[in-house]
Amino acid sequence: PKNFYLFLRFVSSGIIALSIMLVVIFAGRELASIPEKNRIKDEEIRKENFIEAMLPYALENKDKYDIFASITIAQAILESNWGESVLSKEYKNYFGIKSIRETDQRIVFQTNEYINGNLVQIPGAFRSYDSLADSMAHYGLLVGTADRYQPVIESNTYNEAANALYKCGYSTDPNYPAKIINLIEKYALYKYDD
């Protein structure tokens, strides 16, 4: 009988331990799903906030230079990865604008470029700005007044403008127009063009 009681204690201890383990596992799963939902919601809010931060500048460039607001916002999203890129966070360059003069405020980074259809990494000098407002103002001036970007300004739709950006050499990525158009349509940025 003594061995039987020891056996029962051993089995009941095992059952209790197993029950506790199952509670922890299922509780852990439940708890793990809550932060995931919060992360998704936080991400959506962060993206909405980014668009709202870009909007006044995009509308200003629309009024001043006839650049589609949707194009400006979509380019800022794409070029800065929603403001998360090092170039945008530390150097306030939200458009991947390159530096052509050594006297510019600038930083050199490795950059991805398509050369003869192949993606390669090369060093590139990029403009550095003091603020988002400076970055937006220079973007507007560049796209709004440079002869090479005249087809962007003359476009009748954001689709035409996105394709013109690529043809004018803003990006070497052959998928650049599709990426811009996708962002405009996914986040309904076209509503800011009216």
Step-by-step side chain to side chain contact (heavy atoms under 4.5 Å, CB included) determination, Y170 to I97: CA-CA 9 Å; Y170 195 95; I97 294 175; 3.8 Å; yes

Shortest non-hydrogen contact from [X] to [Y]?
| X | Y | answer |
| --- | --- | --- |
| V152 | C168 | CG2-SG, 4.4 Å |
| F95 | T72 | CE2-O, 3.4 Å |
| A74 | L189 | N-CD1, 3.9 Å |
| K191 | A188 | CG-O, 3.1 Å |
| S135 | Y94 | OG-N, 3.2 Å |
| Y158 | I181 | CE1-CG2, 4.2 Å |

Are the side chain of [X] and the backbone N or O of [Y] linked by a donor-acceptor pair below 3.5 Å?
| X | Y | answer |
| --- | --- | --- |
| N93 | L87 | no |
| N81 | E84 | no |
| S155 | T157 | no |
| E160 | N156 | yes |

Rounded to the nearest 0.5 Å, what's the gap from [atom1] on [X] to [atom2] on [Y]? Could you check?
| X | Y | atom1 | atom2 | value |
| --- | --- | --- | --- | --- |
| N49 | E44 | CG | CD | 12.0 Å |
| Y91 | S80 | OH | OG | 16.0 Å |
| I67 | D193 | CD1 | CG | 11.5 Å |
| L78 | I73 | CG | CD1 | 13.5 Å |

Exercise. So, are E43 and R46 salt-bridged, with charged N and O less than 4.0 Å apart?
Worked result: yes

Thinking salt bridges, do D173 and K179 make one under a 4.0 Å N-O criterion?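 Result for this pair is yes, salt bridge flagged.
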
*Under 4.5 Å between side-chain heavy atoms, hopping through other hydrophobics if needed: is there a path connecting M54 to W82?*
yes

### Query
Would Y176 end up clustered with I153 when hydrophobic side chains under 4.5 Å apart are linked, directly or stepwise?
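Yes; tracing contacts between hydrophobic side chains, which count when under 4.5 Å, links both residues.
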
Residue pair I77, I51: steps toward the side chain to side chain contact (heavy atoms under 4.5 Å, CB included) verdict: CA-CA 8 Å; I77 292 168; I51 291 169; 4.3 Å; yes

| message | List the residues meeting side chain to side chain donor-acceptor pair (under 3.5 Å) with K98, not counting sequence neighbours, and say none if there are none. | response |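 Listed in chain order: E113.
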
Exactly one candidate in L142, V143, L141 meets side-chain contact (heavy atoms from CB on, under 4.5 Å) with Y139; the answer is V143

What side-chain donor-acceptor pairs closer than 3.5 Å can you find for residues 55-64, not counting sequence neighbours?
{"unit_1": "N61", "atom_1": "ND2", "unit_2": "M136", "atom_2": "O", "d": "3.1"}
{"unit_1": "K62", "atom_1": "NZ", "unit_2": "D194", "atom_2": "O", "d": "3.3"}

Candidate pair I107 and E90, rule side chain to side chain contact (heavy atoms under 4.5 Å, CB included), full reasoning
CA-CA 10 Å; I107 184 73; E90 293 184 24; over 6 Å; no

Quick one: does Y129's side chain get under 4.5 Å of H138's, heavy atoms only? yes

Check: Is there side-chain contact between F126 and S99, with heavy atoms separated by less than 4.5 Å?
Finding: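 Answer no - side chains too far apart.
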
Decide side chain to side chain contact (heavy atoms under 4.5 Å, CB included) for Q75 and L165; before the verdict, give the C-alpha distance in whole Å, the side-chain angles of both, and the deciding distance to 0.1 Å. CA-CA 10 Å; Q75 279 195 276; L165 279 166; 3.4 Å; yes

What residues, two or more places apart in sequence or in another chain, satisfy ring-ring contact (aromatic ring centres under 6.0 Å, His included) together with F68?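 Scan of F68 (ring-ring contact (aromatic ring centres under 6.0 Å, His included), adjacent residues dropped) gives none.
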
